[in-house]
Structures are given as C-alpha cells and as structure tokens.
There are 2 protein chains.
Amino acid sequence: MKYIIKDLKIKGVTLTPQRMAIIEFLKSNLNHPTAEDIYKALEEKYPSMSIATVYSTLELLKANGYIQELSIRKRGKACFDFTSKNHHHFLCLKCDNIIDIESECINTCPIVKAGQLEGCKVGEIQAYLYGVCSECNKNTIKKNKNK
Amino acid sequence: MKYIIKDLKIKGVTLTPQRMAIIEFLKSNLNHPTAEDIYKALEEKYPSMSIATVYSTLELLKANGYIQELSIRKRGKACFDFTSKNHHHFLCLKCDNIIDIESECINTCPIVKAGQLEGCKVGEIQAYLYGVCSECNKNTIKKNKNK
DNA sequence: TCTTAGATTAAAATCATTTCAATTCTAAAA
DNA sequence: TTTTAGAATTGAAATGATTTTAATCTAAGA
C-alpha cells in the first residue's frame, strides 16, 4: 500500500483524494470489485466523484502494475485484483464469488515450464477454475439432510 | 458436425439455413471467431441475415454444449470455440491470436485432482497463457538479425 | 498572484449485446 | 396440397459497461 503511494509520487503522479480513496478501497476489499462496486462504495464520502474517475484511476493502477484486471467478468463487468502476485481464481457457479488460489501447482505444468509450446514464449498464466465453493457445498449437504 | 444436426433434430430444434450456415462456419473456422466475425463472413451469402440471429444461434449452440464461449475476449468481444472438449488457450500479445492447447497437464494439477481446494468442488478449468507465439517470435529474431 | 499542466466532472458517445414487435418461415395436421 | 400454430428471423430500438469530450477545477511553480 504505502509503496504504491511512494512509487506513484516518484513517478510524478498526482495523488488526489479520489485516487487515494480508490487505492485504499482496493487494498481493503480483496473480493475483486468492479468499477461500479468502487464507485458505489465511495459515493457517500465523495458525492461529487464521477465514475469516469474510477475508470481512469483503475487504468492508471493497471498500467503501473499495482492491480490486475481479471480475464473473466462478474455479471458482464470487469473486475480487479489488488495484487501483482501471480495467482489463480476459483469461480463459484452458485454464489458468483471469486476466490483466490495461491497454489503454484499450475505454474509447474511441465509443458509450460519447458517452454515447449511449439516455440511460444509463455509469460503469464491465468487459470480459472469453475465449480461450487465450500460454503455452497455445505449448504447443499444441509438441504439434502433436511429432506 | 453431422451429430450436431442429428442431435438438434432429435431435440426438436428447427434447422434453418441460417443456423446451418453458422454451424458450418464454426466447424471450419476454429480460430475462435466472434459474433461479428461470423456475421461478416456470412453477409455475402445471406445478405438479409441479422446479427441478432447470429447471437441467438450462438446462445442455442452454447446452451446445448456444442460450442464454448471463452472466458477471455477478443478486442472486447466474446469469442467462441467449436468444441466441448476441455482444453486451454494461449494468447499472443503481439498478434492477438488465440491458440488452442491440447495439453492435459494443467488438469493434472495435484491440488485440483485431490479436490483439496478447501472443500471446493472443481468442475472445469480454463487456463489462459499469455505470451508471444512462435510466429511472432520468429519475426522478432529476424528483425534483430537485420539490425 | 498568475500560469499551466494535469485531474475531475457530467454529459454525450461508443460499442457489444439483448430485447422487441412485426413479419416470415417451418413443420405438422387437416 | 392447404392450413395453421408455433417458432425463427429481422431491423430497429433499448440496454449497459466503458470511453471520450469539453468545461471546470486544483495545485505547484514562476
């Protein structure tokens, strides 16, 4: 967090209250918010803020590598991840939640490691796992028991 | 291909010329076309066809499991894969091409296999590899040699 | 204080996709 | 073959996320 502020200052980027608030929000909301999520959350404290500012700040943070835009979308909307660390995502098909997967296992995929992909140079991997999360699984089991 | 036609007939789905043409196109264009790609390609032969028909047919084929919509988008547009077979995708950051990866290696990821994902039930995995494809790699090397 | 570049804003524009109502087509029954 | 009901297609309009625009504001340096 701090390093972002410092970094951006060094880069000569103006740190407006809006930008600070968006960075702060992203830091404390790791549940992959959309631009709208951010806008709505900050609406109260910054009533005059425009959604265009949210978009432009997200673009700025993305371009500087502080956040990642996921390849997948939440109800048609782009969503963002406050980290540059390489990790993967699990999507619950029941509750729509996106859960981070810290596992390195996908990166150890032999074909990728060996760079054997027919001469391709692989930089980044984003894996999306679709399924039912533990919370939703529990609920299903409960329901079945009650029957 | 044939089985789709047969299958759909059994299911009582009407096989209009437009639908046939779209299925045919998808079959012979495995480069992950978008709705627009399909529309433009069929424009000449079916001048009266509406883009709405393309979208609705894609939806129909998707719902019946004959095609897959990728999680990633091509220049902001949804793109489709004529297969129900589980595989992954490589995205060239230089030429925007999407290349199929037939490898099973990602699916053998130990954590996923063991279903140990904190109680999650993993159904499908879609991995997206970002990098530079062999073709673009070659071109870069050539350019460097010429310098 | 004045100037200026960059940031913010609200509104308009864009663009992919969906919806809608009217028309046309299809397939099965008569 | 003709009829007919239901489904599909069409073009246009609506939607919704995102981007662009032009005007206004802000903060830092001269």
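Values below: all heavy atoms of this structure, side chains included; hydrogens, waters and symmetry mates excluded. So that the names make sense, note that chain A is the first sequence line, chain B the second, and so on, each numbered from 1.
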Notebook entry, point to check: B:R75 side chain N/O closer than 4.0 Å to the phosphate oxygens (OP1, OP2) of D:dT18?
Noted result: no
Which protein N or O atoms sit under 3.5 Å from an N or O of nucleotides 10-12 of chain C?
{"residue": "C:dA10", "atom": "OP2", "partner": "A:S48", "partner atom": "O", "Å": "3.2"}
{"residue": "C:dA10", "atom": "N7", "partner": "A:S50", "partner atom": "OG", "Å": "3.4"}

Item checked: Nearest-nucleotide 5' precedence on DNA chain C, A:S56 against B:A35 -> A:S56
Note to self: Consider side chain to side chain contact (heavy atoms under 4.5 Å, CB included). Of B:I38, B:D81, B:L58, B:V54, which one does B:P33 pass it with?
What the structure shows: B:I38
Item checked: Interatomic distance where CD belongs to A:E59 and P belongs to C:dT8 [whole Å] -> 14 Å
Note to self: Please confirm whether the shortest side-chain N or O distance from A:Y55 to OP1 or OP2 of D:dT18 is below 4.0 Å.
What the structure shows: yes
Next item on the list: Can you sort out which residues in residues 10-18 of chain A have a heavy atom within less than 4.0 Å of DNA chain C? Ascending by number, please.
Entry: A:T14, A:T16, A:Q18
Margin query: Rounding to an integer number of Å, can you tell me how far A:M20 CE sits from C:dT8 P?
Written below: 12 Å
Item checked: Interatomic distance, A:E36 CD vs D:dG16 C1' [rounded to whole Å] -> 10 Å
Checklist line | D:dA7 OP1/OP2 closer than 4.0 Å to side-chain N/O of B:R19 | finding: no
Notebook entry, point to check: According to the interplanar angle, ranging from 0 to 90°, do the rings of B:H32 and B:H89 count as parallel (below 30°), tilted (30 to 60°) or perpendicular (above 60°)?
Noted result: perpendicular
Item checked: Between A:N137 and A:S134, a side-chain donor and acceptor under 3.5 Å -> no
Check: What residue pairs, at least two apart or across chains, pass side chain to side chain donor-acceptor pair (under 3.5 Å) with a residue in residues 53-63 of chain A?
Finding: A:K62-A:E69
Next item on the list: Begin from the C-alpha positions of B:Y39 and B:T34 and carry the test side-chain hydrogen bond (donor to acceptor under 3.5 Å, both in side chains) through to its verdict.
Entry: CA-CA 9 Å; B:Y39 177 66; B:T34 66; over 6 Å; no
Next item on the list: Using a 4.5 Å cut-off on heavy atoms from C-beta on, say whether the side chain of B:I72 contacts that of A:Y128.
Entry: no
Note to self: Rounding to an integer number of Å, can you tell me how far A:E69 CD sits from D:dA17 C1'?
What the structure shows: 12 Å
Margin query: Without decimals, in angstroms, what is the distance between A:I22 CD1 and C:dA7 C1'?
Written below: 12 Å
Next item on the list: Send over the distance from B:L60 CG to D:dA8 P, rounded to a whole Å.
Entry: 8 Å
Notebook entry, point to check: What's the CG-P distance between B:L58 and D:dT9, to the nearest Å?
Noted result: 12 Å
Check: If every non-hydrogen atom of B:Y46 is compared with every non-hydrogen atom of B:A21, which pair is closest and at what distance?
Finding: CE1-CB, 3.5 Å
Next item on the list: Rounded to the nearest angstrom, tell me the gap between atom CG in A:L61 and atom P in C:dA7.
Entry: 12 Å
Check: Should B:R19 and B:L60 count as side-chain neighbours, where that means a heavy-atom distance under 4.5 Å?
Finding: yes
Margin query: Could you walk me through whether B:K40 and B:E43 satisfy the salt bridge (charged side-chain N to carboxylate O under 4.0 Å, His left out) test, starting with their C-alpha distance in whole Å, then the side-chain angles of each, then the deciding distance to 0.1 Å, before giving a yes or no?
Written below: CA-CA 5 Å; B:K40 284 198 173 158; B:E43 207 166 34; over 6 Å; no
